[in-house]
Participant: 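Have a look at this one before I ask anything.
Quick note on labels: first sequence line is chain A, next is B, and so on, each numbered from 1.
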Protein chains: 2
Amino acid sequence: MLSAKMEDYLKAIYRLEREGEPPVATSTIAETLEVTPPTATSMVEKLEDRDLVEREKYKGVTLTPEGETVALEVIRHHRLLETFLTEELGYDWSEVHEEAEILEHHISEEFERRVAAALDEPAVDPHGDPIPNDELEPIDDHSASALADHGEGARLEVARVRDRDSEELTYLDDAGITPGTKLVVEEVAPIGMVTVRLDGGETVSLPDHIADAIQVRTPEDAVADGVSEV
Amino acid sequence: MLSAKMEDYLKAIYRLEREGEPPVATSTIAETLEVTPPTATSMVEKLEDRDLVEREKYKGVTLTPEGETVALEVIRHHRLLETFLTEELGYDWSEVHEEAEILEHHISEEFERRVAAALDEPAVDPHGDPIPNDELEPIDDHSASALADHGEGARLEVARVRDRDSEELTYLDDAGITPGTKLVVEEVAPIGMVTVRLDGGETVSLPDHIADAIQVRTPEDAVADGVSEV
DNA sequence: AGAGAGAATTAGACGAGTCTAATGCAAAAG
DNA sequence: CTTTTGCATTAGACTCGTCTAATTCTCTCT
Ligand SMILES: [Mn+2]
Ligand SMILES: [Mn+2]
Ligand SMILES: [Mn+2]
Ligand SMILES: [Mn+2]
C-alpha cells in the first residue's frame with residue numbers, strides 16, 4: 001500500500017515531468033511539496049525501492065510506467081472530486097482544490113466508480129483539465145498553450161485555468177474567465193501585462209504570471225480536438 | 001490539530017462509556033481498536049495531555065466535555081457520510097461503514113455543511129442511529145432496547161441495527177430487517193435463538209448475538225420519542 | 001493480612017516522514 | 001585542467017503510532 005505522502009510525491013513528479021525536461025530534480029520536488037531537499041531525497045529513495053521512479057543519483061528522477069499509473073490514479077481521483085464538489089455539492093470553483101487534495105488519497109475505488117457514474121463519466125474537470133479514464137490511459141495535456149504566448153489580435157478560447165491560489169481563481173471567475181470563455185487579445189503591454197476583450201465586450205487586464213496560468217486554444221484546435229463539450 | 005487515530009480513540013471511548021460503566025479500561029479500548037494494551041496506554045496519555053480525557057492511572061479514562069465534543073463531531077461526520085453514500089451515491093446499506101470510517105477524518109467543515117444541506121439536515125443515519133446536530137449537542141442513544149431482551153409475543157419496531165460485519169448487515173437487509181421494520185417475537189428458543197414474524201408474515205430466525213445488535217422500541221415509545229420519520 | 005491473578009504501565013525498539021547541519025559531487029567558470 | 005559554486009546526499013535527530021518483553025500495581029481470595 002502507498003501512503004498519501006507517496007501519492008503526492010508521485011503526482012508532483014508527474015506534473016513536473018510535463019512542465020520541464022525530465023529528469024525531475026530533487027530540489028524542484030522539495031519546493032513543490034514544501035519540504036527540505038533531504039526529505040525529498042529520502043522519499044525518492046523509497047519510491048525507487050518500490051520501482052515507482054527511476055533515479056540517477058545527483059541528477060533526478062523519472063516516473064516508471066507503474067509510477068505514472070499511480071499518478072494518473074490520484075489525478076483521476078482529484079479531478080473527479082473537484083467536479084463532484086462543484087456540480088453536486090455546489091462548491092464554488094475556487095474552493096474545491098484543497099478539499100480534493102486531501103480526499104483524493106482516501107476514497108475507495110468504489111467511491112471513484114460511483115462518483116464517476118453519478119457525473120456521467122466526465123472527461124474534464126471544472127478547471128478544464130482532462131480526467132484520466134477508468135483504464136488510466138495516458139492523457140494529452142498539451143493541446144493548449146498559455147495565454148501569455150499569444151500576440152495582439154489573437155482570437156482564443158479558454159481551455160483551462162491552472163490550480164493555484166484560490167483568490168486568483170475567484171477573481172478570474174468573477175471577471176468571467178472560466179473554461180469555455182471566448183476572448184480576443186486586445187493589448188500586450190511591455191510592462192508585463194496583457195489585456196483581453198471577452199465575448200460580452202468587457203476588457204480584463206492580467207499580469208503575466210496570471211496569463212501564464214490560463215491555457216487557451218484557437219477555436220480550430222477546439223474543433224480538431226473534439227473537446228468542445230467543456 | 002488531532003490525528004485520525006486520536007479521533008478514533010475518542011470515538012471508541014465515547015461508545016464504550018455508553019455500553020458499560022465508565023471509566024473505560026485501557027484493555028477494552030485496545031481490543032476495540034485492535035491494538036495492544038501498551039499502545040492504548042500511550043495514546044490515552046496523549047489524550048490526557050490535551051485534556052480530552054480524564055484518567056485515573058490503572059483504572060481507566062472518561063471523556064472530558066471537550067473530548068466528548070470531538071467524539072460527537074466525528075460521529076456526525078460518520079453518520080452524515082453513511083447517509084450520503086447510501087442516499088446520494090447508491091451504496092448498499094452494508095457497504096458504507098468502512099468508507100465512512102476513513103472519510104470521517106478527512107472531510108472539511110464545509111463538506112460537512114454541504115452534505116448535511118444536500119440531505120436536508122437528516123436526524124438519523126441509514127442504520128437508524130441519531131446524527132448529532134450542527135451544535136454537537138449530546139444525543140440520546142438510549143431510547144431503544146435490544147431485540148434479545150424481549151419475550152415471545154412482543155410487538156416491536158426496529159429502531160436501528162448496529163454497525164458490524166457487513167455480511168450480517170446484508171443478510172438482515174435481505175431478510176427485510178431494517179430500521180422501521182415492524183415485527184412480533186414469535187419464539188425465544190432455549191438454544192440461543194429468537195424467531196420473529198415480520199409484517200408481511202415471513203418469519204426470520206436469528207442467533208442471540210445478532211438479536212443483540214438489533215435495537216427495537218415498542219410502537220408507543222416511537223410515538224413518544226417522535227422518531228417515526230425513520 | 002498475605003498471596004496470587006490479572007490488568008496496566010514502563011522500557012526499549014522500529015518504520016514513516018520530517019528536520020538541521022555537515023559533507024560530497026558535478027557542472028560551469030576561470 | 002583546476003577551482004568554485006550550487007545542488008544532492010549523508011548523518012543524526014525527533015515525533016507519531018505501533019510493537020514485545022519486563023515490571024508493577026490492584027484487587028480478590030484464602
Ligand atoms: Mn494530495
Ligand atoms: Mn481509483
Ligand atoms: Mn475512523
Ligand atoms: Mn465537522
Participant: Base, sugar-phosphate, or nothing for A:Ala25, non-hydrogen atoms under 4.0 angstrom?
Facilitator: sugar-phosphate
Participant: Quick one: which of C:dT9, D:dT10, D:dC16 gets closest to the side chain of A:Pro38?
Facilitator: D:dT10
Participant: What is the nucleic acid contact for B:Ser27, judged by heavy atoms within less than 4.0 Å: base, sugar-phosphate only, or nothing?
Facilitator: sugar-phosphate
Participant: Could you state the CD-P distance from A:Glu45 to D:dT10, rounded to the nearest angstrom?
Facilitator: 6 Å
Participant: Distance check needed: C:dA8 C1' versus B:Glu48 CD, whole Å only.
Facilitator: 14 Å
Participant: Can a salt bridge be assigned to the pair A:Glu48 and A:Lys57 using a cut-off of 4.0 Å between side-chain N and carboxylate O?
Facilitator: no
Participant: Would you indicate, yes or no, if D:dT18 has its OP1 or OP2 atom less than 4.0 angstrom from a side-chain nitrogen or oxygen of B:Lys5?
Facilitator: yes
Participant: May I have the distance from B:Leu33 (atom CG) to D:dC19 (atom P), rounded to whole angstrom?
Facilitator: 10 Å
Participant: Backbone N or O of A:Ala40 within a donor-acceptor pair of the A:Thr26 side chain at under 3.5 Å?
Facilitator: no
Participant: For the residue pair B:Phe84 and B:Phe111, categorise the inter-ring angle as parallel (less than 30°), tilted (30 to 60°) or perpendicular (more than 60°).
Facilitator: perpendicular
Participant: Look at A:Tyr58 and C:dT23 and indicate whether a side-chain polar atom (N or O) is within less than 4.0 Å of OP1 or OP2.
Facilitator: no
Participant: Categorize A:Glu56 for me: base, sugar-phosphate, or nothing, with a 4.0 angstrom heavy-atom threshold over every strand shown.
Facilitator: nothing
Participant: Does a side-chain N or O of A:Lys59 approach OP1 or OP2 of D:dA8 to a distance below 4.0 Å, or not?
Facilitator: no
Participant: Distance check needed: D:dG17 C1' versus B:Asp8 CG, whole Å only.
Facilitator: 13 Å
Participant: Please report, rounded to the nearest Å, how far the P atom of D:dC16 is from the CE atom of B:Met6.
Facilitator: 7 Å
Participant: Once you apply a heavy-atom cut-off of 4.0 Å, does B:Thr41 come out as touching a base, just sugar-phosphate, or nothing?
Facilitator: base
Participant: Consider the side chain of A:Ser3, meaning its heavy atoms from C-beta on, and name the nucleotide among C:dT18, C:dG17, D:dT18 that approaches it most closely.
Facilitator: C:dG17
Participant: If you draw a 6.0 Å radius around CD in A:Glu98, do more than 12 non-hydrogen atoms from other residues or ligands fall strictly inside?
Facilitator: no
Participant: Any carboxylate oxygen within less than 4.0 angstrom of a Lys/Arg side-chain nitrogen, looking at B:Arg114 and A:Glu95?
Facilitator: yes
Participant: Could you check how far CE of B:Met43 sits from C1' of D:dG17, rounded to whole Å?
Facilitator: 8 Å
Participant: B:His105 NE2 to D:dC16 P: how many Å, rounded?
Facilitator: 18 Å
Participant: Does A:Lys57 have a side-chain nitrogen or oxygen under 4.0 Å from the phosphate oxygens OP1 or OP2 of D:dT9?
Facilitator: no
Participant: May I ask you to evaluate whether B:Thr39 reaches the phosphate of D:dG17, defined as a side-chain N or O under 4.0 Å from OP1 or OP2?
Facilitator: no
Participant: B:Leu47 has an atom CG; how far is it from atom C1' of D:dG17, in whole Å?
Facilitator: 13 Å
Participant: Check every strand shown and say whether A:Ser42 touches a base, only sugar-phosphate, or nothing at a heavy-atom separation below 4.0 Å.
Facilitator: base
Participant: Hey, does B:Thr26 reach any base, or is it just sugar-phosphate, or nothing, if we go heavy atoms under 4.0 Å?
Facilitator: sugar-phosphate
Participant: Between B:Glu82 and B:Arg79, is there a side-chain N and carboxylate O pair less than 4.0 Å apart?
Facilitator: no
